[in-house]
Novice: 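Quick one: the structure is below, questions incoming.
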Amino acid sequence: MPKTKFQEIIFTILMVIVMVYAMICYNISLETGGLSSGVFAAAFHELLIMGPAAFLLDFFLVGKITQRTALRLVNPERENPFHLVLAISALSVAWMCPLMSFLATILFKHAGAAFLPVWLQTTALNFPMAFFWQIFYAGPFVRFIFRHIFSSSSNQIPETQKEV
């Protein structure tokens with residue numbers, strides 16, 4: 001898990017790319033009636049809009065709320081520390097899914113006067129996918145990539161601290 005602000009930024013960027021891209025592909029597939037190779041290319045266009053929005057929401061708002069709440073639910077000193085990871089992941093989906101569905105409804109659904117039902121339906125359709133994608137695929141994958149990016153740098157002693 002991230003230990004510095006820089007690592008937190010990198011972790012959030014990785015998670016945003018993996019989660020948002022998958023969720024965009026899922027939503028385009030729902031709109032078009034199925035997954036096709038064209039969905040993957042079309043999703044990149046929406047990622048340019050939804051990615052930065054997700055980063056800002058997660059980094060400045062949701063990330064802080066989920067960590068505080070998760071630490072109230074799980075004591076990593078008395079419980080398996082992975083329980084904290086699961087709590088943060090689940091709470092992150094619980095916050096980000098309705099917020100991102102809200103944004104997607106505004107930007108892509110053209111809901112008009114039916115905004116509330118369209119947003120609620122979008123959230124209800126997105127939540128199971130976001131939850132299971134986060135818990136079983138995106139979370140483990142991003143943590144794996146993150147560990148490999150920062151494992152060598154965190155295990156090395158800085159040149160100024162090496163004994164002569």
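Please read these numbers as outputs of a predicted model, since none were measured by experiment.
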Novice: So if you build clusters from Ile, Leu, Val, Met, Phe, Trp, Tyr with side-chain heavy-atom gaps below 4.5 Å, do I9 and I88 land together?
Specialist: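 Different clusters.
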
Novice: So do the side chains of E31 and K109 get within less than 4.5 Å of each other, counting heavy atoms only?
Specialist: yes

Novice: Check whether any side-chain heavy atom of F127 lies under 4.5 Å from a side-chain heavy atom of S101, and answer yes or no.
Specialist: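 They are not in side-chain contact.
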
Novice: Same hydrophobic cluster for M100 and W133, using side-chain heavy-atom links shorter than 4.5 Å among ILVMFWY?
Specialist: no

Novice: Any donor and acceptor pair, going by atom type alone, linking the side chain of W119 with main-chain N or O of I106 inside 3.5 Å?
Specialist: no

Novice: Compare all side-chain heavy atoms of D58 with those of M15 and state whether any distance is below 4.5 angstrom.
Specialist: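 No, side chains not in contact.
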
Novice: Would you check, one step at a time, whether the test side chain to side chain contact (heavy atoms under 4.5 Å, CB included) holds for F150 with F11?
Specialist: CA-CA 10 Å; F150 289 102; F11 184 85; over 6 Å; no

Novice: Is there a path from L99 to L91 through hydrophobic residues (I, L, V, M, F, W, Y) whose side chains come within less than 4.5 Å of each other?
Specialist: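 No, L99 does not connect to L91 through the hydrophobic network.
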
Novice: Following the transitive rule for hydrophobic clusters with a side-chain heavy-atom cut-off under 4.5 Å over Ile, Leu, Val, Met, Phe, Trp and Tyr, establish whether L35 and Y26 coincide in one cluster.
Specialist: no

Novice: With a 4.5 Å limit on heavy-atom distance, are the side chains of L57 and L103 in contact?
Specialist: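 Result no, sub-4.5 Å side-chain heavy-atom pair not found.
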
Novice: State yes or no: do F55 and I10 share one hydrophobic cluster built from I, L, V, M, F, W and Y residues joined by side-chain heavy-atom distances below 4.5 Å, directly or via other members?
Specialist: no

Novice: Check whether any side-chain heavy atom of N27 sits under 4.5 Å from a side-chain heavy atom of F108, and report yes or no.
Specialist: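 Side-chain contact under 4.5 Å: no.
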
Novice: Would you check if L107 and E46 make a side-chain contact, meaning some heavy-atom pair closer than 4.5 Å?
Specialist: no

Novice: Got a donor-acceptor contact below 3.5 angstrom from the Y137 side chain to the V18 backbone?
Specialist: no

Novice: Between R143 and M1, is there a side-chain heavy-atom distance shorter than 4.5 Å?
Specialist: yes

Novice: Just do the side chain to side chain contact (heavy atoms under 4.5 Å, CB included) check on L14 and F141 with the steps written out, would you?
Specialist: CA-CA 10 Å; L14 291 171; F141 177 70; over 6 Å; no

Novice: Treating N126 as the side-chain partner and T122 as the backbone partner, does any N or O pair qualify as donor plus acceptor under 3.5 Å?
Specialist: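 Checked: pair present.
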
Novice: If you count heavy atoms of other groups shown closer than 6.0 angstrom to CZ of F102, is the number above 12?
Specialist: no

Novice: Are any non-hydrogen side-chain atoms of P52 and V16 less than 4.5 angstrom apart?
Specialist: no

Novice: Looking at F115, I want to see if its CZ is surrounded by more than 12 non-hydrogen atoms of other residues, nucleotides or ligands under 6.0 Å.
Specialist: yes

Novice: Measure from the side-chain N and O atoms of Q7 to the backbone N and O of K3, and report whether any donor-acceptor pair falls under 3.5 Å.
Specialist: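 Confirmed, Q7 side chain pairs with K3 backbone.
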
